[in-house]
Amino acid sequence: MNLKKYLNVYKKFLHTSLASELEYKTNIFIDLITAILSLIGSIFLLSIFFQNNSSIGGWEFKQALIIQSIYTILNGITNTWFNPNLTEIVKHIREGTLDFVLLKPIDSQFFISLKKITPSGFLEIILGICLLLYCIKINQININLSFFTLCLITIISSICILYSLWFFISTTTIWFVKTWNATEVLRSFLYIGRFPLDSFSFSLRIFFSVFIPIAFITTIPSEVFLGISQFWKILLEVTVAMVFLFSSRKFWLFALKFYSSASS
Amino acid sequence: MASNLIKRKFFTLLKVQYSNMLEYRIEIALWAISGVIPFFMLNIWTNNNLNEYINISDVMLSRYFLCAFFVRQFSVVWVVFSFEEDSLMGKVSPYLIQPLNPFFRYFAQHLAEQLTRFPFALLIATIFFIFNPESIWIPNFGILLLSIISTLLSFLIQFLIQSIIACLCFWTEKASSIERLLFIPTLFLSGLLAPVVSFPEYVKSWIYLTPFPYLIDFPANLLSGNATNISSGFSMQILWIVLLFPVFKKIWSKGTKKYTAMGS
């Protein structure tokens with residue numbers, strides 16, 4: 001009953017935001033070119049690292065490409081769902097329109113994190129999946145059902161971690177109002193997800209797995225694809241994802257207590 | 001007399017914008033932090049001994065990336081985003097009435113922001129030196145002056161390119177997606193993520209004709225004491241400014257005729 005209502009509402013969200021986005025057709029086209037160029041650019045950068053080396057941090061070029069493909073998929077998801085909504089949250093809080101969201105008979109977190117959608121991110125997801133399929137071919141990975149479920153679990157966990165990170169930052173808007181640049185910091189740190197974690201020095205590796213769990217987001221799923229991941233790592237990733245998701249929810253409810261509407 | 005007036009106008013603008021920027025200190029500090037990607041890249045290079053193949057020692061490479069960080073900090077331009085917002089909100093109209101090109105206002109805004117950011121960038125550099133004490137160096141005064149000039153020229157090139165794109169707002173309303181498209185080659189080819197010397201031959205053969213290597217690679221090489229061709233670097237920077245300025249003037253005068261004062 002409840003789930004059905006949320007599904008219905010989400011369908012409406014999809015409809016309205018797609019309609020408004022499709023008004024800027026040239027924009028979408030330019031975004032498509034940007035996505036393609038961006039992928040070419042990152043592969044170019046990766047190829048510079050592998051110019052004279054056959055492996056970096058124990059990863060060969062064709063293995064590192066898997067990380068690249070997973071990064072591209074996740075980046076596409078970020079651009080499609082997380083980024084446009086985050087911008088909205090900041091706007092809601094600055095202009096005091098969060099009041100209207102809170103008054104609606106629907107979960108506020110659901111509303112503000114899924115309200116908008118940017119279709120141009122889809123292409124990035126598709127590009128990432130194509131690259132991933134290509135990688136599966138060149139790395140001669142055999143796919144069977146249990147392997148597939150495992151991969152799916154880790155990728156979903158990554159999405160959950162990513163979502164929580166973004167949502168954490170947008171929640172802090174309630175106190176700081178302008179958090180646009182905080183997202184830039186997160187964005188630049190996430191950039192590291194394009195490279196295998198093992199290519200960094202020990203201290204940075206610790207930093208990127210304890211403080212900002214970027215390691216979990218791309219490296220662990222890639223290891224699962226290559227079949228070299230230990231079971232405890234997968235378990236750890238799932239646990240981290242649950243903890244993040246749970247605490248981001250709690251943090252949002254906590255932050256709402258401090259919300260004092262603007263301009264009213 | 002006239003030049004005196006312009007000078008007074010400009011300094012007033014600068015002062016206003018500086019106090020404006022000081023209000024958002026944390027924002028600007030975060031901006032500075034979001035520019036740390038070069039340090040992560042440095043970590044990949046030195047941790048995997050990739051620099052052996054391009055004949056740059058660890059110390060020189062770390063100086064290069066530190067300088068790249070600095071040059072980037074003082075040549076970041078975001079005029080498209082400001083202008084797009086202002087023109088969508090109809091804020092450009094009052095600016096147009098004033099006897100001053102509104103881009104002077106944005107220019108002052110950028111300079112004021114760089115001034116505010118300077119201490120933070122210095123702080124990040126200090127932290128970097130604490131971790132890498134062997135890379136401390138003091139460039140001689142002449143080199144320092146030249147690299148400041150080349151950074152300023154790099155800033156000017158980017159400011160002109162973005163202003164030209166910003167003027168497209170008069171026609172398309174959303175010009176920021178074009179900027180995002182142009183940001184991709186800037187990111188990968190400017191030398192922010194990898195020094196241009198490390199690029200494969202098939203890229204190096206044409207890249208020096210584009211404006212990209214003069215945005216970060218050239219000033220950073222100059223400041224860090226790495227090998228670079230000073231005279232050709234400066235002449236290319238000036239050439240690009242001379243080429244871009246008339247384009248901007250033309251598109252500005254055409255655009256203002258097209259202006260429809262949205263939102264008012």
Side-chain angles (χ1 to χ4, degrees), chain A residues 23-24 26-53 55-59 79 118 120 169 176-192 194-196 198-205 207-208 214, chain B residues 23-54 72 76 78 81 117 131 168 171-189 192-203:
Chain A
E23 225 179 291
Y24 300 99
T26 12
N27 248 26
I28 292 177
F29 179 69
I30 294 169
D31 283 345
L32 299 188
I33 302 174
T34 309
I36 294 170
L37 279 186
S38 161
L39 184 61
I40 292 173
S42 358
I43 294 174
F44 166 69
L45 187 68
L46 208 60
S47 76
I48 291 175
F49 291 144
F50 285 96
Q51 248 179 129
N52 302 298
N53 273 41
S55 79
I56 282 176
W59 290 71
N79 286 338
T118 312
S120 51
I169 289 194
F176 305 122
V177 185
K178 260 184 118 182
T179 44
W180 195 237
N181 286 352
T183 63
E184 277 310 306
V185 176
L186 178 63
R187 198 177 265 281
S188 71
F189 280 6
L190 286 178
Y191 194 89
I192 297 312
R194 290 174 195 233
F195 307 103
D198 310 289
S199 57
F200 292 98
S201 65
F202 183 70
S203 45
L204 271 187
R205 250 182 280 171
F207 180 73
F208 284 127
I214 291 164
Chain B
E23 217 179 303
Y24 294 107
R25 283 179 305 260
I26 295 179
E27 281 277 287
I28 288 165
L30 284 173
W31 242 118
I33 297 173
S34 74
V36 296
I37 295 180
F39 300 129
F40 298 145
M41 291 295 133
L42 171 68
N43 194 280
I44 295 186
W45 281 93
T46 50
N47 199 43
N48 296 293
N49 299 321
L50 296 172
N51 46 335
E52 283 169 13
Y53 301 99
I54 53 168
R72 175 79 189 140
V76 171
W78 70 94
F81 303 98
R117 203 191 291 150
F131 283 105
L168 296 178
W171 287 272
T172 67
E173 289 145 46
K174 275 198 172 182
S176 58
S177 62
I178 303 172
E179 159 56 23
R180 274 199 293 276
L181 174 65
L182 212 68
F183 178 69
I184 302 295
T186 314
L187 182 67
F188 291 106
L189 300 177
L192 185 69
L193 304 176
V196 174
V197 261
S198 68
F199 288 1
E201 277 310 319
Y202 67 89
V203 176

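Nothing here was measured: the structure is a model prediction, and the numbers come from that model. Protein chains get the first letters and strands the later ones, always in sequence-line order, with residue 1 at the start of each.
Taking OG of A/S199 as the start and CZ of B/F40 as the end, the distance is 12.0 Å to the nearest 0.5 Å.
Contact of B/I37 with chain A is made through the side chain alone, with heavy-atom distances under 4.5 Å. Only the side chain of B/L189 comes within contact range of chain A, judged by heavy atoms closer than 4.5 Å. In this structure, the portions of B/L181 lying under 4.5 Å from any heavy atom of chain A include both its backbone and its side chain. Using a 4.5 Å cut-off between heavy atoms, B/I54 does not touch chain A at all.
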**OP:** List the steps and the verdict of side-chain contact (heavy atoms from CB on, under 4.5 Å) for B/I178 and A/I30.
**Re:** CA-CA 7 Å; B/I178 303 172; A/I30 294 169; 3.7 Å; yes
**OP:** Check the pair A/F49, B/N48 against side-chain contact (heavy atoms from CB on, under 4.5 Å), reporting the backbone distance first and the verdict last.
**Re:** CA-CA 9 Å; A/F49 291 144; B/N48 296 293; over 6 Å; no
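B/N43 places a side-chain N or O within 3.5 Å of a backbone atom of A/S201 that can act as its donor or acceptor partner.
Residue B/A194 comes nearest to A/I48 through the heavy atom pair CB-CD1, 4.4 Å, listed as atom of the first residue, atom of the second, then distance. Across all non-hydrogen atoms, the minimal contact from A/N27 to B/S177 is OD1-OG, 2.8 Å. For the pair A/D31 and B/R180, the tightest heavy-atom approach, listed with the atom from each and the gap, is OD1-NH2, 4.1 Å. When all heavy atoms of A/V185 and B/L30 are compared, the pair lying nearest together is CG2-O, 3.2 Å. Nearest heavy-atom pair across A/Q51 and B/S198 is NE2-O, 2.9 Å.
Between chain A and the residues B/L193, B/N47, B/V36, the most heavy-atom pairs under 4.5 angstrom are made by B/N47. Ranked by heavy-atom pairs under 4.5 Å with chain B, the list A/L204, A/T26, A/I56, A/N52 is led by A/N52.
Looking at B/F188 and A/I40, their side chains never come closer than 4.5 Å, going by heavy atoms from C-beta outward.
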